[in-house]
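Written out below as structure tokens is the structure these notes cover.
Reminder, nothing fancy here: chain letters follow the sequence lines and each chain counts from 1. As a basis for the values below, the full set of heavy atoms in this structure was taken, side chains included, without hydrogen atoms, waters or symmetry mates.
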2 protein chains.
Amino acid sequence: MAGITILDVARAAGVSTSTVSNLLNGRTGRMLPETRERVESTIRELGYRPNRAARQLRTGKPQVIGLVVPSVGNPYWGALARYLEAAALTEGYHVLLCNSERDPARERQYVDELVSDGIRGIVLCSSLPSLEHVSGLIDDGLRLVAFDRTAQVDDPVGLVNVSVDNTVGAELMGEHLVSLGHRRIAFVSGAIRSVNRTERFEGFLRALERAGIARPDVVTWPGSSSADGTFGDVEAAELGRVAATELLSGPNPPSAIFAVNDMTAIGVCRAVRDAGMEVGREVSVAGFDDIVLAELYSPRLTTVRQPMKEMAAAAFRALHAPEQAQPTAQATSLLFRPELVVRDSTAAPVS
Amino acid sequence: MAGITILDVARAAGVSTSTVSNLLNGRTGRMLPETRERVESTIRELGYRPNRAARQLRTGKPQVIGLVVPSVGNPYWGALARYLEAAALTEGYHVLLCNSERDPARERQYVDELVSDGIRGIVLCSSLPSLEHVSGLIDDGLRLVAFDRTAQVDDPVGLVNVSVDNTVGAELMGEHLVSLGHRRIAFVSGAIRSVNRTERFEGFLRALERAGIARPDVVTWPGSSSADGTFGDVEAAELGRVAATELLSGPNPPSAIFAVNDMTAIGVCRAVRDAGMEVGREVSVAGFDDIVLAELYSPRLTTVRQPMKEMAAAAFRALHAPEQAQPTAQATSLLFRPELVVRDSTAAPVS
DNA sequence: CGACTCCGGTGTAACGATGCACCGACCATA
DNA sequence: TATGGTCGGTGCATCGTTACACCGGAGTCG
């Protein structure tokens with residue numbers, strides 16, 4: 001089965017394997033149009049499909065890209081995986097899935113493994129702040145896209161970052177809450193170690209400053225980095241719950257809470273309800289990411305949408321684009337415009 | 001980079017490539033222990049990793065399994081993908097991800113493509129009731145696991161089905177609702193076309209019959225099979241919402257609603273709330289699957305858990321297990337025991 | 001007319017790993 | 001001393017594709 005080789009095609013079409021190969025690889029200028037058509041129809045009739053292994057062995061470049069995510073069990077990464085695979089498919093590429101479980105060692109091992117399997121393009125969703133350890137691989141020709149991460153000064157040359165503009169997104173949300181009339185707004189996050197958390201926090205602060213509001217409550221939580229077999233999602237939600245409980249029982253509780261992501265926001269919602277209040281009335285809650293859950297949750301969550309489909313497509317393009325003459329000396333950053341999605345979890349404060 | 005070949009190892013260790021290859025493939029009995037150790041340490045020192053493409057070209061068997069799911073954007077499939085990848089990793093296998101988007105044509109195309117790429121093991125999460133179209137491939141040696149599906153009479157020989165015991169799970173839930181005191185219980189589902197929906201419905205009915213309760217309300221919905229770019233999840237939730245709205249506004253509304261899966265249950269919850277009632281008080285709502293959302297939702301959803309991790313591991317084992325002498329003439333079915341998870345969305349009916 | 005240049009191809013040596021078919025040395029047996 | 005059997009390896013053809021090197025014939029130019 002599936003045993004039709006390029007030789008079978010060549011024989012059936014009365015040409016050499018070289019000609020078939022040339023056609024397959026777009027070097028079509030070297031043959032008569034009629035020859036070309038004859039070969040093409042032979043390929044179709046025989047149902048020939050090139051053998052990827054042989055092709056890779058020869059060229060060293062498999063038609064596969066790697067995707068390293070913390071866990072596809074998390075709907076955010078699941079969505080990325082889905083759209084990235086769709087984008088890859090349009091060019092005949094496949095996606096190899098790797099779950100790092102947020103373990104830096106595993107993450108590194110996956111990348112090494114993929115590289116030594118000959119894979120030349122990887123989308124890496126790293127939990128590591130620094131990507132220095134891959135700069136050697138990039139120098140050796142690996143195409144590396146860091147997803148959900150913006151460029152840093154010490155980024156390896158050649159690295160492409162794909163991310164939503166966290167600062168703008170958080171600003172949008174800050175403005176939204178302010179425009180509803182909120183004046184005491186808290187920001188809830190796990191430890192602000194990662195780049196995008198920092199950016200979200202800063203964007204948020206900027207919006208408040210512009211509105212002449214004093215520095216808001218900020219609750220961050222150390223957050224255990226345990227990978228205990230859960231997706232980490234439940235953990236994020238729990239963090240939101242604990243933080244919000246503390247805030248609401250404090251002396252001067254906020255009328256709105258902006259969580260660093262949707263999972264945390266969901267935890268916040270639970271705390272609000274546990275405190276006997278209604279989300280979207282007594283307390284407004286906002287998230288970030290717009291994962292599927294956000295629309296399904298009750299109340300439907302006001303959040304900031306990341307254009308996942310476009311971001312995934314861009315990530316693939318960056319991997320697949322033809323080699324460019326030395327790219328900008330600095331690492332590239334592809335920033336996408338976030339979109340405010342107002343649903344039911346935010347409203348004007350009760351006066 | 002990564003340019004170390006088996007020849008480099010052989011030269012450095014002072015043996016032939018055959019000996020290295022023998023060692024690599026477990027034919028260790030053919031050499032002196034000291035030779036073996038020398039080669040092993042050389043491999044380690046040089047950081048040699050066998051080239052998968054070359055190995056596959058020679059053996060025809062890549063160290064890769066294929067996973068075809070409707071969409072990894074759906075947390076249920078995301079969880080499967082995660083655990084399957086973890087299981088595969090333990091044996092050095094990688095997972096190639098394919099999203100069929102519930103399109104039968106795409107599903108078929110993916111399988112054909114994987115097969116002609118030489119892949120010998122596929123986990124298929126088909127939306128098709130019949131799997132006849134793959135029986136030819138199975139006869140040709142493809143290992144095929146159908147996930148979330150129980151054996152059918154016309155299944156191709158050699159097919160392995162992995163699924164939770166839907167009947168038992170639904171029975172468990174039926175008993176739970178009855179034991180709480182519910183007497184009018186509705187079952188909400190999309191069109192009961194698929195096998196597991198039928199089984200869930202039957203298990204549910206059985207529990208009610210045993211309790212001497214008359215045939216409950218059943219609401220099914222045709223359900224558009226559109227793949228409009230959503231994950232289908234939102235659609236499932238919407239279905240639950242519409243169905244529950246109708247039930248609750250009817251003449252003799254149920255005190256409990258059992259939805260065919262968690263997504264639908266979430267839609268039901270929304271309808272209940274929209275009707276001005278509280279889930280877990282006026283109306284009990286139950287789901288099936290225990291996706292991450294179930295625990296995060298508000299109220300936390302009572303549901304039936306599928307032991308995903310074990311099921312994924314079993315699926316991989318079925319693909320990877322050594323060829324057995326002609327397996328049972330009939331297709332195999334691996335049924336897993338579901339577990340009732342009682343949370344906050346179900347309670348005794350208000351009297 | 002001889003030297004060039006295109007055109008439309010073809011021949012073939014790799015790519016790296018595998019595993020069957022060998023092979024020489026040594027030992028036991030008859 | 002001939003025969004045969006292990007042991008501990010090695011030699012090499014092979015998998016399907018690619019792309020560089022080459023080639024014969026026709027046309028062009030001076």
Side-chain angles (χ1 to χ4, degrees), chain A residues 1-40 42-43 46-64 92 113 115-120 141, chain B residues 1-40 42-43 46-64 92 113 115-120 141:
Chain A
M1 126 133 295
I4 299 137
T5 77
I6 201 173
L7 182 59
D8 298 327
V9 175
R11 271 205 274 258
V15 295
S16 72
T17 61
S18 305
T19 298
V20 181
S21 173
N22 283 334
L23 172 55
L24 254 33
N25 291 282
R27 283 179 290 273
T28 118
R30 295 198 220 274
M31 65 199 73
L32 255 26
E34 68 176 59
T35 307
R36 169 183 180 166
E37 280 183 30
R38 187 156 33 91
V39 176
E40 279 177 339
T42 309
I43 287 178
L46 264 45
Y48 165 74
R49 298 180 49 79
N51 179 313
R52 283 182 192 242
R55 174 177 282 178
Q56 171 181 354
L57 179 59
R58 192 68 246 266
T59 64
K61 295 160 202 293
Q63 301 253 75
V64 174
E113 212 169 305
V115 167
S116 73
D117 285 349
I119 287 175
R120 314 288 289 180
Chain B
M1 126 130 296
I4 299 135
T5 76
I6 201 173
L7 183 60
D8 298 328
V9 175
R11 272 205 275 257
V15 294
S16 73
T17 60
S18 305
T19 298
V20 182
S21 172
N22 283 335
L23 172 56
L24 254 34
N25 291 282
R27 283 178 290 273
T28 119
R30 295 198 220 274
M31 66 197 74
L32 254 25
E34 67 175 59
T35 308
R36 172 184 179 164
E37 280 184 30
R38 186 155 35 90
V39 176
E40 279 177 340
T42 309
I43 287 178
L46 264 44
Y48 165 75
R49 299 179 50 78
N51 179 314
R52 283 183 191 241
R55 173 177 283 178
Q56 171 181 353
L57 179 59
R58 195 65 243 271
T59 64
K61 294 161 202 297
Q63 300 253 73
V64 174
E113 212 170 305
V115 167
S116 73
D117 285 349
I119 287 175
R120 315 286 288 181

Which letter, B, S or -, goes with each nucleotide of nucleotides 16-27 of chain C from 5' to 3', with contact meaning a protein heavy atom under 4.0 Å? BBBB--------

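For B:Arg27, the side-chain hydrogen bond (donor to acceptor under 3.5 Å, both in side chains) test picks out B:Asn22, with sequence neighbours left out. Every side-chain contact (heavy atoms from CB on, under 4.5 Å) that A:Thr17 has, sequence neighbours left out, goes to A:Ile6, A:Leu7, A:Ala10. When the salt bridge (charged side-chain N to carboxylate O under 4.0 Å, His left out) test is applied to A:Glu40, the partners found at least two apart in sequence or on another chain are A:Arg36. Applying the side-chain hydrogen bond (donor to acceptor under 3.5 Å, both in side chains) test to A:Arg52 and every residue at least two apart in sequence or in another chain returns B:Asp117.
A nucleotide of DNA chain D counts as in contact with chain A when one of its atoms lies under 4.0 Å from a heavy atom; the first and last such, 5' to 3', are D:dG16 to D:dA19.
Side-chain contact between A:Leu24 and A:Tyr48: present, with at least one pair of heavy atoms (C-beta onward) separated by less than 4.5 Å. Between A:Val15 and A:Val20 the shortest side-chain heavy-atom distance falls below 4.5 Å. For the pair B:Lys61 and B:Arg55, the minimum side-chain heavy-atom distance is 4.5 Å or more. A:Met31 has its side chain within reach of A:Leu23: a pair of non-hydrogen atoms, C-beta onward, lies under 4.5 Å apart. Under the 4.5 Å side-chain criterion, counting only non-hydrogen atoms from C-beta, B:Leu46 is in contact with B:Val9.
If one axis is set at each end of the helix from C:dC1-D:dG30 to C:dA30-D:dT1 from five pairs, those axes are 60° apart, to 10°.
Proximity of a side-chain donor or acceptor of B:Thr42 to a complementary backbone N or O of B:Arg38 within less than 3.5 Å is detected.
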